Amino acid sequence: MTHSKNLIYKTLQLNIILFLCISINIFASSDIELINRAKKADMMPIPQSKLELLEIIDDKENPITNAKVELGKKLFFEPRLSKSGLISCNSCHHLGMGGVDGISVATGDKWSANPLHLNSPTVYNAVFNFEQFWDGRSPHLADQAQGPIQAPFEMAASQELVLQRITSIPQYVNEFKKAYTADIKITFKLIADTIAIFEKTLITPSRFDKFLHGDTNALNKDEKEGLSVFLDLGCARCHKDIALGGSMQPFDTGKRYKYRNLGAFAGNNNHLVKTPTLRNIEQTAPYFHNGAIWDLKEAVKEMGKIQLVLGISNEDAKKVVTFLKSLTGEKPNIIYPQLPVSSKTTPRPLAD
Ligand code: HEC
Ligand code: HEC
């Protein structure tokens with residue numbers, strides 16, 4: 001009697017274990033399925049291996065080294081690259097604020113607003129963009145960095161002024177020699193190239209990357225559901241690759257966009273717009289090229305209306321936002337650099 005009771009008990013126990021195993025397996029396999037769906041839609045993780053990452057971001061002509069990164073970091077925070085001596089790259093691409101300024105329209109020299117009413121995009125993960133700027137007019141970070149220093153409504157400095165400022169500061173001259181070669185000729189281009197090397201280190205791996213790399217617990221249930229809705233809606237048609245954006249795509253600036261009349265930006269010659277990265281999107285409001293939308297849920301619904309010509313329900317928009325928040329990544333630990341003192345010959349800040 002006890003023997004058969006024992007047997008029933010054991011069988012029951014085994015069945016429960018079997019049931020648990022199967023259900024865990026089902027959960028795991030639906031997670032794997034979700035990972036595969038995301039990958040199939042070309043959403044790509046930031047590589048975990050340093051070598052693989054360097055393959056994507058490094059340039060053999062001017063490879064990343066610690067000395068260049070440290071010098072580039074100083075230059076990124078250097079207000080003397082601006083005519084007024086007040087504005088650095090960090091003024092508009094605040095590294096403590098998701099790489100943006102948190103204002104609608106970028107504001108630079110003498111409080112001038114961007115003439116097209118453009119919003120400052122983030123510098124975090126910008127290295128993964130296929131093009132830079134909202135109209136994609138720049139092919140890479142080194143080329144891009146030359147623009148804002150000279151733009152009259154940004155840092156407003158001439159190439160000559162920038163060169164005079166930097167070469168008149170002995171510590172900078174020494175650091176360029178150390179980072180490159182003893183006989184290096186400091187040029188405006190080299191200054192921009194060095195800033196770009198620092199920017200290449202502004203990469204922020206998130207829990208979403210862990211998930212794509214196979215850690216099925218990296219996202220919670222709601223975030224997974226949000227990702228699934230994001231894929232169902234077709235958002236990954238444009239928000240894909242490592243940047244989850246970064247390529248030129250059609251954007252209806254002329255007809256459907258609610259705030260189309262704010263500013264004169266109409267995309268490139270083919271009316272294409274550089275798709276912004278969705279990484280750290282929670283930290284980079286306001287949204288869209290003219291910084292007109294402050295609320296992420298509203299941005300998602302507006303995207304549905306413009307890009308997919310469909311109304312996204314509040315509920316679905318909320319789910320997508322829950323997923324988007326999982327894209328907030330771990331920032332590199334940046335120690336605010338001490339900048340070298342000016343010399344007697346350093347051109348003074350110009351207020352006029
Ligand atoms: C006055 C604010 C301001 C300053 C200062 C500024 N930027 Fe920008 N940055 C912007 C705006 C606005 C854009 C978009 C402009 C456009 O698309 O025409 C932009 C675009 C960029 C982009 C392209 C990102 C993308 O997703 O397309 C990078 C990279 C960048 N800036 C880096 C820098 C660096 C490096 C400096 C310093 C040398 C700098 N910026 C100084 C406002 C600023
Ligand atoms: C056809 C390509 C395309 C599709 C599909 C698409 N987007 Fe976009 N997305 C863009 C472009 C281009 C922009 C920039 C538009 C602008 O500001 O002019 C953008 C902007 C955004 C922004 C604002 C980003 C910022 O930093 O300002 C968010 C958020 C966003 N998209 C989310 C989504 C979501 C969620 C979906 C799916 C419902 C989606 N997008 C579908 C191309 C696309």
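Remember, it's 1-based here, ligands and their atoms both numbered in the order they're listed. Keep in mind that what you see is a predicted model, and the values were worked out from it rather than measured.
Nearest-residue assignment for atom 10 (C) of ligand 2 (options Arg260, Gln307, Gln249; heavy-atom criterion): Gln307. If you check each of Cys238, Ala236, Pro286, Gly267 against atom 3 (C) of ligand 2, the one with the closest non-hydrogen atom is Cys238. The option from Lys305, His289, Arg279 that lies nearest to atom 16 (C) of ligand 2, judged by heavy atoms, is His289. With Pro148, Ala196, Ala151 as candidates, the residue nearest to atom 6 (C) of ligand 1 on a non-hydrogen basis is Pro148. Nearest residue to atom 27 (O) of ligand 2 from Phe323, Tyr257, Phe288 is Phe288 (criterion: closest heavy atom). The closest non-hydrogen atom to atom 9 (N) of ligand 1, taken over Glu131, Met155, His93, comes from His93. When the heavy atoms of Pro121, Gly291, Pro79, Cys92 are ranked by distance to atom 1 (C) of ligand 1, first place goes to Cys92.
A salt bridge links Glu302 with Lys305: at least one charged nitrogen is closer than 4.0 Å to a carboxylate oxygen. In summary, Glu225 and Lys319 engage in a salt bridge, as defined by a charged side-chain N under 4.0 Å from a carboxylate O.
If you run side-chain contact (heavy atoms from CB on, under 4.5 Å) between Phe128 and each of Thr277, Ile57, Leu244, only Ile57 comes through. Among Thr122, Asp209, Asn125, the single residue meeting the side-chain hydrogen bond (donor to acceptor under 3.5 Å, both in side chains) criterion with Thr204 is Asn125. Test Lys210, Lys325, Arg207 against Glu223 for salt bridge (Lys or Arg N to Asp or Glu O under 4.0 Å) and you get one pass: Arg207.
Tracing side-chain contacts under 4.5 Å through hydrophobic residues (I, L, V, M, F, W, Y), one reaches Ile184 starting from Ile169; they form part of the same cluster. The hydrophobic clustering, which links ILVMFWY residues whose side-chain heavy atoms are closer than 4.5 Å, places Leu141 and Ile56 together.
Close contacts of ligand 1 with Glu199, meaning ligand atoms under 4.0 Å from a residue heavy atom, involve 29 (C), 32 (C), 35 (C). Interface atoms of ligand 1 facing Ile149, defined by a heavy-atom separation under 4.0 Å, are 38 (C). Near Lys274, meaning under 4.0 Å from one of its heavy atoms, ligand 1 places the atoms 25 (C), 26 (O), 27 (O). Remark: ligand 1 atoms within the under-4.0 Å shell around heavy atoms of Val123 are 30 (C), 32 (C). Short contacts between ligand 1 and Leu141, defined as distances under 4.0 Å to a heavy atom of the residue, involve ligand atoms 29 (C). Shown in contact with Asn129 at under 4.0 Å from a heavy atom are these atoms of ligand 1, numbered in order with element: 25 (C), 26 (O). Of all atoms in ligand 1, listed by their number and element, those nearer than 4.0 Å to a heavy atom of Ile87 are 5 (C). Ligand-side atoms of ligand 1 in range of Ile195: 35 (C), range being under 4.0 angstrom from any heavy atom. With ligand atoms numbered from 1 in the order given, ligand 2 contributes 5 (C) to contacts under 4.0 Å with heavy atoms of Gly234.
Side chains of Ser342 and Arg80: a donor-acceptor N/O pair is present below 3.5 angstrom, by distance only. Side chains of Tyr180 and Asp193: a donor-acceptor N/O pair is absent below 3.5 angstrom, by distance only.
Distances from ligand 2 to the non-hydrogen atoms of Leu278 include at least one value under 4.0 Å. Not a single heavy atom of Pro276 sits closer than 4.0 Å to an atom of ligand 1. In this structure, Ile312 has a heavy atom closer than 4.0 Å to ligand 2. Residue Trp134 places a heavy atom less than 4.0 Å from ligand 2.
The protein heavy atom nearest to atom 15 (C) of ligand 1 is Phe133 CD2, 3.5 Å. In this structure, atom 37 (C) of ligand 1 lies nearest to the protein heavy atom Cys89 SG, 1.8 Å. Scanning the protein for heavy atoms near atom 24 (C) of ligand 1, the closest one is Gln132 OE1, 3.5 Å.
Where the criterion is an N or O separation shorter than 3.5 Å, residue side chain and backbone included, His239 meets it with respect to ligand 2.
In Phe251, the part holding a heavy atom less than 4.0 Å from any atom of ligand 2 is the side chain. Under 4.0 angstrom from ligand 1, there are no non-hydrogen atoms of Leu81. If you look at Val320 next to ligand 2, the close heavy atoms, those under 4.0 Å, all belong to the side chain. Counting heavy atoms under 4.0 Å from ligand 1, residue Gln144 touches it through the side chain alone. When heavy-atom distances to ligand 2 are checked against a 4.0 Å cut-off, Ile281 comes that close only through its side chain, counted from C-beta outward. At a heavy-atom cutoff of 4.0 Å, ligand 2 is contacted by the side chain of Leu308 but not by its backbone. Counting heavy atoms closer than 4.0 Å to ligand 1, residue Leu116 contributes nothing at all. Within the 4.0 Å heavy-atom criterion, the part of Ala106 lying near ligand 1 is the side chain and not the backbone.
Aromatic rings of His117 and Tyr259 (six-membered ring for Trp) have centroids beyond the 6.0 Å cut-off, not under it.
The distance from atom CD1 of Ile312 to atom CE of Met303, rounded to the nearest 0.5 Å, is 9.5 Å. Put simply, CG on Leu324 and CG on Asn280 are 11.5 Å apart, with the number rounded to the nearest 0.5 Å. Taken from CG in Asp232 to CG in Leu227, the straight-line distance is 9.5 Å, to the nearest 0.5 Å.
Side-chain contact check for Ser82 versus Asp109: every heavy-atom pair is 4.5 Å or farther apart. In this structure, the side chains of Glu78 and Ser88 stay at 4.5 Å or more apart for every pair of heavy atoms.
By the 6.0 Å and 45° rule, Lys224 does not stack over the aromatic ring of Phe211.
Residue Leu75 comes nearest to Leu81 through the heavy atom pair O-CD1, 3.4 Å, listed as atom of the first residue, atom of the second, then distance. When all heavy atoms are compared, the tightest approach of Ile334 to Leu95 is CD1-CD1, 3.7 Å.
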